[in-house]
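Here is the structure we will look at.
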There are 2 protein chains.
Amino acid sequence: MLGRLNHVAIAVPDIEAAARHYRDVLGARTSPVEDQPEHGVQTVFIELPNTKIELLGVLGDASPIRSFLDKNPSGGIHHVCYEVEDILAARDRLRQQGARVLGDGEPRIGAHGKPVLFLHPKDFQGTLIELEQA
Amino acid sequence: MLGRLNHVAIAVPDIEAAARHYRDVLGARTSPVEDQPEHGVQTVFIELPNTKIELLGVLGDASPIRSFLDKNPSGGIHHVCYEVEDILAARDRLRQQGARVLGDGEPRIGAHGKPVLFLHPKDFQGTLIELEQA
């Protein structure tokens with residue numbers, strides 16, 4: 001079921017500073033900072049030869065990464081995103097196996113314009129998993 | 001400087017159970033559990049089309065993931081590993097930029113038989129970064 005690793009998301013307290021740091025210290029290629037108001041985050045993408053890193057910054061009071069940053073003020077690895085061929089089939093299979101899908105279970109359109117779902121970290125060894133339709 | 005994402009490492013409290021869970025619930029292909037006594041961990045690799053996930057279990061009293069699991073008893077994403085072409089050149093560049101390399105700064109042979117270094121998470125937005133010679 002699991003396809004490519006689409007991205008690793010890293011929550012950061014200051015996205016401009018983090019992007020500069022990845023560029024200057026790690027020699028990474030970074031996209032401009034983009035506001036994603038419908039997701040409550042700012043994003044910067046770091047393109048690697050085989051996948052990408054998504055830096056996430058807080059946008060707005062209801063940002064979904066705010067509580068993570070409250071617990072991890074320096075930032076940290078927030079989630080991994082796997083591609084699946086058929087997100088509804090993946091959701092149904094996961095539910096049959098007893099895994100919890102966050103929210104109402106209906107895929108939302110993610111930061112890349114594709115349907116996504118998040119799985120409960122308690123059902124996956126403390127790892128927040130995003131699934132994205134390939 | 002950053003090359004491919006070699007792997008994402010996930011620390012887990014029970015590696016046999018975690019591997020079974022990834023196979024049965026996520027349909028992942030998993031390698032057998034392997035003891036890595038020189039690293040104080042057990043490993044399971046999950047091959048994805050573009051990279052891999054490394055499940056890490058505790059091996060022995062001095063396991064480097066024990067304190068992480070004490071803080072995160074369910075497990076969690078432990079580190080990301082990037083490939084670099086020349087690990088000594090990468091280390092020297094990082095140090096010039098003020099980043100701290102863990103240990104004595106000399107590369108050790110990692111779980112894949114290649115020289116690796118770890119960078120201090122405080123210098124990278126709370127993210128533990130492993131560098132591996134490509």
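Contact tally against chain A (heavy-atom pairs below 4.5 Å) for B:D24, B:I10, B:V25: the top residue is B:V25. For the set B:K122, B:Q97, B:R29, the entry with the most heavy-atom pairs within less than 4.5 Å of chain A is B:Q97. Each of A:V80, A:D123, A:L26 has some count of heavy-atom pairs under 4.5 Å with chain B, and the biggest count is that of A:L26. Between chain A and the options B:P73, B:G76, B:A99, heavy-atom pairs under 4.5 Å are most frequent for B:G76.
Contacts between B:I53 and chain A at a heavy-atom distance below 4.5 Å involve the side chain alone, from C-beta outward. For B:L55, no part lies under 4.5 angstrom from a heavy atom of chain A. B:L2 touches chain A through backbone and side chain together, each having a heavy atom under 4.5 Å away.
Within 6.0 Å of atom CG in A:D61, 12 or fewer heavy atoms from other residues, nucleotides or ligands are found, so the atom counts as exposed in its surroundings. The 12-atom threshold is exceeded at CZ of A:R23, counting heavy atoms of other residues, nucleotides or ligands nearer than 6.0 Å. Around the CD atom of B:E106, the shell of radius 6.0 Å holds more than 12 heavy atoms that belong to other residues, nucleotides or ligands.
By the criterion of side-chain heavy atoms lying less than 4.5 angstrom apart, applied directly or through intervening Ile, Leu, Val, Met, Phe, Trp or Tyr residues, B:V8 is not grouped with B:V41; the two fall into different hydrophobic clusters. Under the 4.5 Å side-chain heavy-atom criterion for grouping Ile, Leu, Val, Met, Phe, Trp and Tyr, A:V116 is not connected to B:I77 through any hydrophobic cluster. Residue A:L56 is not grouped with residue A:I129 when hydrophobic side chains (ILVMFWY) are merged at heavy-atom distances under 4.5 angstrom, including chains of intermediate members. Residues A:V44 and A:L48 share a hydrophobic cluster, clusters being chains of Ile/Leu/Val/Met/Phe/Trp/Tyr side chains in contact below 4.5 Å.
Interatomic distance, B:N72 CG to A:Q125 CD, rounded to the nearest 0.5 Å: 13.0 Å. Atom OG1 of A:T51 sits about 6.0 Å away from atom CG of B:L5, to the nearest 0.5 Å.
For B:N50 (side chain) and A:R4 (main-chain N/O), no donor-acceptor pair under 3.5 Å exists by modelled atom type.
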